Amino acid sequence: MKLFLNDCKNMRKYIVAGNWKMNTTVPEGVELAKAVLAASAAVPADVKLIVATPFTHLCPVAAVVGGTRIGLSAENCADKEKGAYTGEVSAAMLASAGCQYTILGHSERRQYYGETDEKLVEKTRLALANGLDVILCVGENLEEREAGRHFAVCESQIKNVLYNFTAEDMKHIIVAYEPVWAIGTGKTATAEQAEEIHAFIRKTIAEKFGEQVADDTTILYGGSCKPSNAKELFAQKDIDGGLIGGAALKADDFIGIALSF
Ligand code: 13P
């Protein structure tokens, strides 16, 4: 109902994005994309649906979702433009494969692959230069939350990356708040815990870019989001949808979440 209550003072989009992570073979991914597309008819047109797939799946999944309401995202991109960087995939390659988005800064990449805020500035710059919208992930781990540092961690991740960009660039940047302790653990942040950080992230964006840009920025919640808890999360003023891991691997659950606005 939130959709209809939006008084149009902002350009914020409501988005449900599935992050498939390192799951599914190519044929399984194609089947999943087909199932998501088939089930998507039930979702109101003003909810944007996105699937973020492994690199190997992008072209075959683009053949399924291209020209439909479902956006296609990568899960990462290189911090270099092109050249001798064996094993990397550039933003230009992603765009040419049919992607409109890339996730950047997921906590799993920060934790396991040494993704730093400095690298994320470069990645974001290259993604935007190649016409991709960025889904930038931020969030604290359990130790940081228990030490009461969750606001400070999110603030520095936002400032270190986004403050290098312009208000115009912000039209192409979506933020995803993903508390690491809630990812894949079955422990969801409560709607109140999520909302207070979302509101804080929006305020941090407003301090640099002004209220209008902050109001127009889509901020997604991620971390054990499922059909049973999405409604309460999405009802919050500053939660504009979800970045979904495990539940995105089942078309019915993913669409169930998208029906929760
Ligand atoms: P889960 O939904 O499996 O907790 O994963 C969330 C996530 O990391 C999405 O990027």
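Not measured: the values here are computed from a predicted model. One-based numbering, in listed order, for ligands and for the atoms of each.
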Below 3.5 angstrom, do we get any N/O pair linking G246 and ligand 1? yes
Which ligand 1 atoms are under 4.0 Å away from a heavy-atom of G184? 1 (P), 3 (O), 4 (O)
So, is K21 polar-close to ligand 1, with some N/O to N/O distance under 3.5 Å? yes
Run the salt-bridge test on E122 and K119 with the 4.0 Å N-O cut-off and return the result as yes or no. no
Do other residues, nucleotides or ligands put more than 12 heavy atoms under 6.0 Å from the CD atom of Q100? yes
Do ligand 1 and T185 have nitrogen or oxygen atoms that lie under 3.5 Å from each other? no
For ligand 1, note which part of L243 has a heavy atom under 4.0 Å away: side chain, backbone, both or neither. both
Side chain to side chain donor-acceptor pair (under 3.5 Å) partners for S90, two or more places apart: none
Minimum-distance pair of heavy atoms, taken over all atoms of N10 and D215: CB-O, 3.3 Å
Atoms of ligand 1, numbered as shown, that sit under 4.0 Å from any heavy atom of G223: 4 (O), 6 (C)
Quick check on A247 - does any of its heavy atoms sit under 4.0 Å from an atom of ligand 1? no
W181 and E140: side-chain donor and acceptor closer than 3.5 Å? yes
Any heavy atom of K226 closer to ligand 1 than 4.0 angstrom? no
Please examine the side chains of E88 and K80, heavy atoms only from C-beta on, and report whether any two atoms are closer than 4.5 Å. no
Closest to atom 7 (C) of ligand 1 (heavy atoms only, candidates K187, E178, E75) is E178
Measuring from the heavy atoms of A182, does anything fall under 4.0 Å of ligand 1? yes
Is the shortest side-chain N to carboxylate O distance from R202 to D240 below 4.0 Å? yes
How would you list, by chain and number, every residue that makes a side chain to side chain donor-acceptor pair (under 3.5 Å) with H198, sequence neighbours excluded? none
Taking distance alone, with no angle check, do G245 and ligand 1 share an N/O pair under 3.5 Å? yes
